[in-house]
Amino acid sequence: MHLTDHISDVQLNEYLDNESTERTQIETHLSVCDECAARFTALKTLFAEIESLPELELTHSLREASLWDAARFLPTPSLPTKLPRWLTLTATLQAVLALITVIVAAPFISKLLPAIQMPSLTDLFLQLQSQWTIWLDALSTFQLPTLPQIPTLEISSLVLALTLAGVSMLWLVGNGLLLRNQMK
């Protein structure tokens, strides 16, 4: 009888613990098989070394451990990573350029404001609706070989200035949200 590698370790452990029912077969096999005898000797030496180790007492009782002690064994949350310096610098420079643009454009816009007749909101919607209808009509007559005649939108400078200011604010808010989400 030759013990296989996996079963051999189990059988040798049972033999050392005096729990094996095949003691005579194992002893007979160990006397003829040098490989298993060497593993048996190594296993006996390992157990002898383990038993010779000194007994150590715990410095703290786990039953008496406070929450403070238990917190040492909990995983620490990772700190938020910092944004790369180039990204922070780029966002800062963009914000500064947007602010300078608004400051430079403010005097020109303020000179135009008294001369501009502010149309009512209803008039603006009617203009947009008529432009939209004209554009859709032009698209409906679209011929593949020819380009459609798309009318230009007539937008006052106040509407253009307000649109630019709105887009700039959306851009700043978007960059702020992007940077805030990067910090999390």
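Sequential numbering from 1 along the given sequence is applied to the chain's residues.
In summary, the side chains of Tyr15 and Glu27 do present a donor paired with an acceptor at a separation below 3.5 Å, with no hydrogens or angles considered.
Scanning all heavy atoms of the two residues, the minimum distance from Thr141 to Ala138 falls at OG1-O, 3.0 Å. Residues Ala161 and Ile109 share a closest heavy-atom pair of CB-CD1, 3.9 Å. Between Thr28 and Ser31, the shortest heavy-atom contact is O-OG, 2.6 Å.
Put simply, CG on Leu46 and OG1 on Thr41 are 12.5 Å apart, with the number rounded to the nearest 0.5 Å. The structure places CG of Leu16 at 12.5 Å from CD of Gln11, a figure rounded to the nearest 0.5 Å. For the atom pair Asp123 CG and Phe125 CZ, the distance stands at 11.5 Å (nearest 0.5 Å). Taking CG of Leu178 as the reference point, atom CG of Leu87 lies at 6.5 Å (rounded to 0.5 Å). Atoms CG and NZ, from Leu12 and Lys44 in turn, are 11.0 Å apart once rounded to the nearest 0.5 Å. Rounding to the nearest 0.5 Å gives a distance of 7.5 Å between CZ of Arg23 and CD1 of Ile26.
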Is there a side chain to side chain contact (heavy atoms under 4.5 Å, CB included) between Gln94 and Leu97? Walk through the geometry before answering. CA-CA 5 Å; Gln94 288 176 349; Leu97 284 174; 5.8 Å; no
Would you please test Glu49 and Thr45 for side chain to side chain contact (heavy atoms under 4.5 Å, CB included) and show each step? CA-CA 6 Å; Glu49 287 177 3; Thr45 306; 3.8 Å; yes
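In this structure, Leu124 is not a member of the same hydrophobic cluster as Ile134, with clusters built from ILVMFWY side-chain heavy atoms closer than 4.5 Å. Taken together through direct or relayed side-chain contacts under 4.5 Å among Ile, Leu, Val, Met, Phe, Trp and Tyr, Val96 and Val104 form part of one hydrophobic cluster.
Contact check for Leu179 versus Thr88: no side-chain heavy atoms found under the 4.5 Å cut-off.
Atom CZ of Phe108 sits in a sparse spot, with 12 or fewer heavy atoms from other residues, nucleotides or ligands closer than 6.0 Å. Within 6.0 Å of the CH2 atom in Trp132, the count of heavy atoms belonging to other residues, nucleotides or ligands does not exceed 12.
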